[in-house]
Amino acid sequence: MAGGLADYADLDLDRSVRRGYPEAVFCAGKTPAQVRGIAAAVRTRPDVVTLFTRAGADHAAAIRAELPDARHDTDAALLAWPPSPPPPTGGLVVVAAAGTSDLPVAREAELTARYLGRPTELVVDVGVAGLHRILARLDLLRRARAVVVAAGMDGALPSVVAGLITAPVVALPTSVGYGAAFGGLAPLLAMLNACAPGVAVVNIDNGYGAGHLAAQIAADPAR
């Protein structure tokens, strides 16, 4: 690809100083060459946590050509550099995935919150088709300062969780479901219409946004 980094990106490497959280790199729509150029630039700033989200196999190979020790979670389509998350501070963020099919998006949310400095726990396969499964995790959910709930299909789980705990719930609709789920639109609308108060909703499959919001909610008050 002709040209240098300035031809396609203007990295905000001081964002963490300005607002407390670093910039992430959304890889979808970028070429592997562009992502590689960005990876080369952040290599000079190991003090800044950089998350590469929605990274395909070609993106991952390009990133690791510049950052060979970057952590790559293939399920979440996410790479993190430096590879070790910062020491955890603030309150616990719990991420609950309604079904195994929701796990990639839930995993993106959980890793995002962890690399933004929060202790995290991931709870899987606790959807409303078997309410005993989420009820069995109530002790953990009630210890959290923020809970992300990822669900597709009817999108009912965030309302259930919000009615059982004191912490804010970040509802994360996924594009999992049959035709009438309309690629996540049905769970999105269900979550926006949640009867239980204290539910915030992010966009369909936006695991990064959900994890980021939960990390901000769970930050130390003095931050």
Side-chain angles (χ1 to χ4, degrees), residues 4-30 34-55 59 63 66-67 70-73 76-95 105-122 144-150 158 166-173 188 191-192 198-223:
L5 180 68
D7 291 331
Y8 56 86
D10 184 4
L11 300 185
D12 189 2
L13 294 175
D14 292 323
R15 185 177 298 183
S16 57
V17 175
R18 187 174 71 254
R19 62 178 308 273
Y21 298 91
E23 181 181 30
V25 179
F26 183 74
C27 295
K30 294 180 175 65
Q34 288 169 339
V35 172
R36 180 169 182 167
I38 293 169
V42 303
R43 187 179 58 212
T44 65
R45 290 292 301 273
D47 57 308
V48 177
V49 173
T50 301
L51 297 180
F52 297 86
T53 68
R54 297 305 166 95
H59 294 127
I63 292 163
E66 300 293 338
L67 305 169
R71 176 176 179 177
H72 183 201
D73 189 294
L78 180 146
L79 290 92
W81 189 85
S84 298
T89 61
L92 174 66
V93 172
V94 173
V95 179
V105 177
R107 183 71 171 154
E108 181 184 25
E110 189 257 335
L111 286 171
T112 296
R114 187 189 307 175
Y115 276 91
L116 293 181
R118 303 293 162 261
T120 64
E121 292 279 353
L122 181 63
R145 196 176 295 173
V147 176
V148 176
V149 181
T166 61
V169 169
V170 180
L172 172 54
L188 170 66
M191 293 173 188
L192 287 170
V199 177
V201 187
V202 298
N203 209 342
I204 299 166
D205 290 337
N206 187 9
Y208 171 77
H212 198 298
L213 178 56
Q216 289 185 266
I217 293 169
D220 283 331
R223 178 161 182 165

Distance-minimising heavy-atom pair for [X] and [Y]:
X	Y	value
Ala210	Val202	CB-CG2, 3.9 Å
Ala171	Val199	CB-CG1, 3.8 Å
Gly90	Asp220	CA-OD1, 3.1 Å
Val49	Pro86	CG2-CD, 4.4 Å
Ala167	Ala146	CB-N, 4.0 Å
Leu51	Ala80	CD2-CB, 3.6 Å

Give a yes or no answer on whether the side chain of [X] reaches the backbone of [Y] with a donor-acceptor pair at less than 3.5 Å.
X	Y	value
His59	Cys27	yes
Arg15	Tyr21	no
Arg71	Leu79	no
Asp73	Leu78	no

Can you find a pair of side-chain heavy atoms, one from [X] and one from [Y], that are under 4.5 Å apart?
X	Y	result
Arg145	Leu92	no
Ile217	Val93	no
Arg118	Pro88	no
Val94	Val148	no
Glu121	Glu110	no
Leu11	Val42	yes

### Set of side chain to side chain contact (heavy atoms under 4.5 Å, CB included) partners for Val48, sequence neighbours left out
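Listed in chain order: Pro22, Arg45, Thr50.
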For the [atom1] atom of [X] and the [atom2] atom of [Y], what is their distance to the nearest 0.5 Å?
X	Y	atom1	atom2	answer
Thr89	Leu116	OG1	CG	10.0 Å
Thr53	Leu111	OG1	CG	11.5 Å
Phe52	His72	CZ	NE2	11.5 Å
Thr120	Arg107	OG1	CZ	8.0 Å
Leu5	Gln34	CG	CD	9.5 Å

### Task
For Arg19, enumerate each residue passing the side-chain hydrogen bond (donor to acceptor under 3.5 Å, both in side chains) test, keeping only those at least two apart in sequence or located in another chain.
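By the side-chain hydrogen bond (donor to acceptor under 3.5 Å, both in side chains) rule, Arg19 matches no residue at all.
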### Task
Could you note down all residue pairs passing side chain to side chain donor-acceptor pair (under 3.5 Å) where residues 200-211 supplies at least one of them, sequence neighbours left out?
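The answer is Ser175-Asp205.
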